[in-house]
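Before any comments, here is the structure.
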Amino acid sequence: MEAKPNDCVYAELKSRTVLAGLNQALVALSKENTQRLISRAAEKMKNRREDAAAILKRLRELNPTVADRFQPKQDALDSLVLRMILPSDILFSNDTLDVPSYLIVSYCWHYPDWPLAPAARAQPLAGGWEISRPMVDAVMGLRQSPHEGVWLDKLCINQGEEEEKQGHIAAMDIIYQSARRIVILLEDVQLSKLETNAGLTYAKLYQDLCDEVKNLGLEGEARSKYIEEYFPSKEKEFRSTGQEYLLDGIRDFAMNILSGRWYSRAWCAHESRVVPHQKINNPLLLCFGHDGRVLTFEFRFLFYMAIYLYDQEPGPSAEDQVASAFTIADTLADSNPKTLSQLRFRIQSLHGAEEPGGTAMQHVANIIGFGCLKKGDLMSIALNTAGIPLSFNGEVSGVEDVIWMFSLLVIASNDLFPLIRTDKSMSQKLRIADPKNPSKRLISWVPSMNQGIADDRLPEMSPGTITAVAGDYIELDLLVFKASPTNASPEAQEIASRILEENQIDALAGEIAEGADAGTKRTRELMSATMKAVGRERAGPMAVFNKLWLAHALDCGLEWLLRFPDAMQSDTCDPAWIHGPLGESTDPRFTKTAEAVLKHFFQSSSPEEYESQRSQHLQLIIRSLTTLFDPRLPFFTAAPRRLPLGNGDHAFVSSTSNRAYVAVPVAIAHLPAHFKREWNIEPFDPLAEPENLPDDHLPDLTKVYPRDAKAEDVFPVLTSDYEDRRAPRDDTMGTWRLRRRGDIFGFTRGKAWTAPVREDDFPRDGEVIYLRRQRVYGAEDYDWGGIHAAWPKLKLEPETTTEEGQAA
């Protein structure tokens, strides 16, 4: 089958005009030649026709309007015909042309505001390619046979044919994966003489290292040790031979070559992420040397050097690391990064080696920080890099639409990860355009996007519990707790304080934390730094943590305390929990404390009964206390509050507001505790006037309040430690707003919490009720920093005095 006439007409036109002066031609390949070139990469997609149909079917159930914007990817592959750039003389010497392989070019389209390197501006751009002539010559010189073609998107796709463009966008991953090698052009990068010398020297060292590892047959620890010591040993030689200038030169080289515009563009990231990064035909980057020559460096060399050089720098403090975590999206979106840390992070995100079985959400997370003129292309890019067998043909109003629509797509693909994601910072929510009023912004139920997601996909185990997904709401079944989370009772806290003091538990807990592994220590440091960053450095959650947990245990009772280690072990043995299982060990240093706890529970018992209970439960209580004072337990929450589950069991969450209900979506109720299953929700009328933020959440500071006024009458919202001010549930309306998400843990996940979760296991008179088809909208979380700051600003009535001058 030959190429369609229109394909040939366009190719012949370009050959006669823009390419003639280069002695090149644009050739439309036959359908057979095209399919032969892409067959290996396309085979997997061809086998996923049923998957595409199932995803589209589920999309139509959840959101028919959005579903109309997607089509099976195979439709684009079936009609694909490629064009290739070849030397003109090849055409004249062949009656029938067959292209056996091709190079593919990744580059930045030229725009007036984008400065090229001096060497690129030294002569006119190559016609048709619209690329600097030295780069064109270098690309053509990399071909391994006279018949090998070159594919360049701007020339090989008819940019005037919208249908053709959309078809190629849908197939872009297949086109790039099918190339023998990707050649990356950095036309804005020209190295200094020192950078050129250092870059070429280190590139040779890297190749020598690869050859030596292979020739020596090194594996395992021996291989790692050899690689770790290789460059430091060579740099020691540089210092001893007067070549220490190379050490400065290589850092300047890395900063220069990694700062090219190519690294900041979304389509360039797509092209790097979809191609195989193998030892043979590794992606090749081209830049200019100081003398104008085109230099080549493998991606794997630059990737290695970015990490190696970064590792030589002092590590950031916990405070700096927390601060950078809050701005990581801005860092990646910056087209002119300033630090080696930023450049390293960016090239790592271009590698494309996600964990197998990981959630597709990581693909949209890794692409949204890159520049893209047409935001809808971000959806196509994420589809391609994730390997989802659909193509997108629609419009979006911004990156926010891409995030929520891709979240919908992921749910339709049988992955519940969007339900357990949290916002990238506590103060940022995803805002989307109101379909009825584009100038108005709505807060989405979908969290704002984290960078660098690396979690596994979460298949749906309770089918039918999610019934609709839109930008501003999700409709799903919920498990709703009737009670509000409570703190430990004052009586229990007093007893806990005495037990801790008598047994010097704070010191022991500190000793245990000091002896923890480096990862646990670092995470605790980051927690403390995070609390400072969000304004909670005052004495509170971390300072009273040991007392609170022991007091909660006393309130919950002996049966809960005995079950607690098994519950935590069950929830943390999952490989996705990276901190190691809790509840496994028994530390004998807690023996006296365990006896004190046991005496509290059996203080009215006879000596004989106490001894019986002691022999039966002492070791279990020691294990429970080992778990309670484990330095990793605060990773779930530093401010534990409990919820009754019935039958003597209790769940724990972080402190919520006194207006929120605690709920768990049925679809994710079966997951281990380290997933963010808990939703803070409030009854909500979507037709009511929108909130006036932040004033609706704060007290009126112009008003003078009585000195005996209740805090709940002054502050519109407080924590759940204050009087319950929740609005009555309206189970018939079933509309809520979602304030925040968090952990829920510490209870035994029995039959009721095992997938598939059933409504019959949650009777209406129980502590937790099952509500069907609840519609949950996005909402701002409360300004807790502002609420805390308002306390000392309150105006109170002046004190009255008696005749004796005493304050009344």
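Dense packing is recorded around NZ of K154, with more than 12 heavy atoms of other residues, nucleotides or ligands lying under 6.0 Å away. For R49, the CZ atom counts as densely surrounded, since its 6.0 Å shell holds more than 12 non-hydrogen atoms of other residues, nucleotides or ligands.
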- Message: side chain to side chain donor-acceptor pair (under 3.5 Å), that's the test. Do N282 and H277 meet it? Break it down for me.
- Response: CA-CA 6 Å; N282 193 256; H277 284 247; 4.6 Å; no

- Task: Evaluate the criterion side chain to side chain contact (heavy atoms under 4.5 Å, CB included) for residue pair V66 and W404; output intermediate values, then yes/no.
- Result: CA-CA 11 Å; V66 172; W404 85 257; 3.7 Å; yes

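Listed by chain and residue number, E187 satisfy the side-chain hydrogen bond (donor to acceptor under 3.5 Å, both in side chains) test with S132 (two or more places apart in sequence, or in another chain). Looking at residues two or more places apart in sequence or on another chain, you find no salt bridge (charged side-chain N to carboxylate O under 4.0 Å, His left out) involving D75. Scored by the salt bridge (charged side-chain N to carboxylate O under 4.0 Å, His left out) test, D248 finds no partners at all (sequence neighbours excluded). Residues that satisfy the salt bridge (charged side-chain N to carboxylate O under 4.0 Å, His left out) test with R133, not counting sequence neighbours, are D137. With sequence neighbours excluded, the residues satisfying ring pair (Phe, Tyr, Trp, His ring centres under 6.0 Å) with H110 are W114. Judged as a side-chain hydrogen bond (donor to acceptor under 3.5 Å, both in side chains), and not counting sequence neighbours, the contacts of T201 are N197.
Note on ring orientation: taking the six-membered ring where Trp is involved, the planes of Y176 and H270 are perpendicular (angle over 60°, cut-offs 30° and 60°).
Cation-pi check for R344 over Y310 is met; the charged atom lies under 6.0 angstrom from the ring centroid and within 45 degrees of its normal.
When only modelled atom types and interatomic distance are considered, E298 and Y304 share no side-chain donor-acceptor pair under 3.5 Å. Side chains of W109 and E130: a donor-acceptor N/O pair is absent below 3.5 angstrom, by distance only.
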